[in-house]
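A, B, ... follow the sequence lines: proteins, then strands. Residue 1 opens every chain.
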Protein chains: 2
Amino acid sequence: MKPSIFDVAKRSGLSVVTVSRVLNGSGNVREKNRLKVQQAMKELGYRPNSAAQSLAKGKTGVVGLLLSTLQDSVFDAIVKSVHDELAGHGYFLALSVSPSCREPGSSFLMEKDRVDGMIILSPTWEDELIPELERKGIPYSIIDNQNPAYDLSAVQVGHYSGGYAAGKHLVELGHESIGHLSGPGNYKSTIDRQNGFLKALAENGLEPVFIEEGTYSMDTGYDAAKRWLAEGRLPEALFCGDDYIAVGVLNALQEAGRSIPGDLSLVGYDDQNLATLLHPKLTTVAQPVQQIARCAVDGLLAQMEGREAPPPIVLKPELVVRESTAPPHSYLKENTP
Amino acid sequence: MKPSIFDVAKRSGLSVVTVSRVLNGSGNVREKNRLKVQQAMKELGYRPNSAAQSLAKGKTGVVGLLLSTLQDSVFDAIVKSVHDELAGHGYFLALSVSPSCREPGSSFLMEKDRVDGMIILSPTWEDELIPELERKGIPYSIIDNQNPAYDLSAVQVGHYSGGYAAGKHLVELGHESIGHLSGPGNYKSTIDRQNGFLKALAENGLEPVFIEEGTYSMDTGYDAAKRWLAEGRLPEALFCGDDYIAVGVLNALQEAGRSIPGDLSLVGYDDQNLATLLHPKLTTVAQPVQQIARCAVDGLLAQMEGREAPPPIVLKPELVVRESTAPPHSYLKENTP
DNA sequence: CTGTTAGCGCCTTCAT
DNA sequence: ATGAAGGCGCTAACAG
């Protein structure tokens, strides 16, 4: 049988309350006794029962992370970062992966006694989710909120800046025929990226030669590029709504024996690895994953612990331009400390 | 205040015990009363407090998954599958990501009262981990065990078969100059893959033109391929220890203006997406992620619930040969139901 | 500073 | 088939 607080009390010759006190570092314990207790705990290999703790103090020490998929390298990186950040604060991470709210187990985790708080990653149905959390009184923090109404408890990604950086980069390369192949227009992030991009061109008296809308998928990029090639209207430069689209374009070009850059200057978005990994000269707008995780966790913990929440932040993605001479792997190396 | 079992009892005019009974489906409740109780629960929006449940019955309903990284598409896929599998059985997934046992929080989760069981994914320090789990009496199941001693509670991936399939494929393409660029030789999986590969060649009276050992990284592939090119000894075909290595080779070849296949037939390993995504003609040995997750969870639950554990299984990876005419994205499409 | 007394919400005997 | 009593391990509110 695992030793309980009672065993520790008996062995140290003190009461359970005192043991509880040293356990929670709530002061008011004579140094000598604290040592006695700690000694007893060590000898017994005592570890407090978390269920009992949860029950007694109404907290679980668990934070839930809700996301729609794990097949996304930005998400993966965020999960990892959130995990580390939470661990640093003594919290556990519980995961809930569900593409829609109909999914079994989607709100399974969202019980006040299951988690102390939740982090919502790029929600697709936040309008149903958030009210439910509010109703249940579960603190939450959203990463990359879709609905502007939820700005306050969200960590926002500066998609406008990202799009702007992408556009500026292409302009500075001297291109004048620049296209944009975006994701679905019903996402706020899509629109933001696009607007930033347009702004950058406009500042230089340019307009995109076209804007096409698709889904965030390789298909979109592949099909579009195929079409452009067939119609002989490949632009000089292209800003893709995300890296999967860029990969699709890349595949189509490779199939046609074209190269990047040369036939096309391409800028992806989102992923630090995927896009640059594919082609040494592929530029991408990388999201600041660690910062995102850090802000989300900090904001959430503040709420949970009743501290004053930090003000909402907009984090800016960073344009990662690969040196044409550097081998592809060096980028990754730099980013894997 | 969240309604407690007591509120439900009062509202349904029955005792808490009866409510508890319908909650746990432990029979012995008059159908009429069961309905009453369920009605009351619905009206109150009652959800049992999990901490209290855990405390009372000594179970948490949580399964921990321990892995070394999330920057790995096979792992990601497994996490997702494990998550779904667990959810289907009413369990939660808690994640612990730590590259080493020294990491803070590595064994943080591994407390009997935190989790009912643990799944260990491709352990790198299982010799320290497993004894600890044994000592604590926590049921576990290992995916892709490293130490053969732990076969019994493990789901094994048939790396031998995988390597064999890779070798056979290259032989059947008619190659006679086949190389192998492996991962670290201190991994069981590395050796297994290599042995399977050698077997396939041997069956056809062939031997690899070389076997080189590296790490599971793009660097390994990149550096090696660079070297081969410089020395003018690029083989006709190459089996890479994993997809990252393959990607590295690919990058080096692309930089040198070479193509695949043609200059080289390349087989990667592990990932269903990464490698094939990179090149339409890149063949890969894909691990059966869903099966792996299913077996791991089934085996674990069997232990946890005292049922007879299913016999150890060796799951075979599958050779995925891409049609040279099919666009890269179609493969992904097929695998995204 | 320390111990006593009550629960936290639920489940498990054991009577009825 | 149902309910009363006790306890899971710990902590918070009072006493001393």
What's the [atom1]-[atom2] distance between [X] and [N], to the nearest Å?
| X | N | atom1 | atom2 | value |
| --- | --- | --- | --- | --- |
| A/Tyr46 | D/dG9 | OH | P | 10 Å |
| B/Leu55 | D/dC10 | CG | C1' | 8 Å |
| B/Asp7 | C/dC8 | CG | P | 11 Å |
| B/Lys57 | D/dG9 | NZ | P | 16 Å |
| A/Asn24 | D/dG9 | CG | P | 17 Å |
| B/Lys2 | C/dC8 | NZ | P | 15 Å |
| A/Ile5 | C/dG7 | CD1 | P | 19 Å |
| A/Arg114 | C/dC8 | CZ | P | 20 Å |

Partners passing side chain to side chain donor-acceptor pair (under 3.5 Å) against [X] (at least two apart in sequence or in another chain):
| X | answer |
| --- | --- |
| A/Asp7 | none |
| A/Tyr216 | A/Thr190 |
| B/Ser189 | none |
| A/Gln303 | none |

Looking at [X], I'd like to know whether one of its side-chain N or O atoms comes within less than 4.0 Å of OP1 or OP2 on [N].
| X | N | result |
| --- | --- | --- |
| B/Ser20 | C/dC10 | no |
| A/Ser4 | D/dC8 | no |
| A/Thr18 | C/dC1 | no |

Exercise for the section: Please work out if A/Asn49 contacts a base, only the sugar-phosphate, or nothing of the nucleic acid, heavy-atom cut-off 4.0 Å. Expected result: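 Counting heavy atoms under 4.0 Å across all strands, the contact made by A/Asn49 is with sugar-phosphate only.
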
Practice task
Using a heavy-atom cut-off of under 4.0 Å over every strand shown, decide if A/Asp113 touches base, sugar-phosphate, or nothing.
Solution key: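 The residue A/Asp113 makes no contact with any strand.
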
Practice task
With DNA chain D as reference, determine whether A/Gln53 or B/Leu14 sits nearer its 5' end, using the nearest nucleotide of each.
Solution key: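 So the residue in question is B/Leu14.
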
Handout entry: Heavy-atom side-chain proximity of B/Val63 to B/Val115 below 4.5 angstrom
Key =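 Side-chain contact under 4.5 Å: no.
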
Handout entry: 5'-most by nearest nucleotide on DNA chain C - B/Arg21 or B/Ser50
Key =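 Going by which nucleotide is closer to the 5' end, it is B/Ser50.
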
Handout entry: Check: A/Glu85/A/Tyr91 side-chain N/O donor and acceptor closer than 3.5 Å
Key =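 Their side chains do not contain a donor-acceptor pair, so the 3.5 Å distance test is not met.
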
Would you tabulate the pairs of protein nitrogen or oxygen atoms and nucleotide nitrogen or oxygen atoms of nucleotides 5-7 of chain D closer than 3.5 angstrom?
none

Practice task
Check every atom of C/dC11, C/dT4, C/dG9 against the side chain of A/Ser15 and return the nucleotide holding the closest atom.
Solution key: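 Given the options C/dC11, C/dT4, C/dG9, the side chain of A/Ser15 is closest to C/dT4.
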
Handout entry: Shortest side-chain distance from B/Asn28, nucleotide among D/dA1, D/dC10, C/dT12
Key =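 The answer is D/dA1.
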
Exercise for the section: Could you tell me which residues satisfy side chain to side chain contact (heavy atoms under 4.5 Å, CB included) with B/Arg11, sequence neighbours excluded, listed by chain and number? Expected result: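 Side chain to side chain contact (heavy atoms under 4.5 Å, CB included) list for B/Arg11, sorted by chain: B/Ala40, B/Glu43, B/Leu44.
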
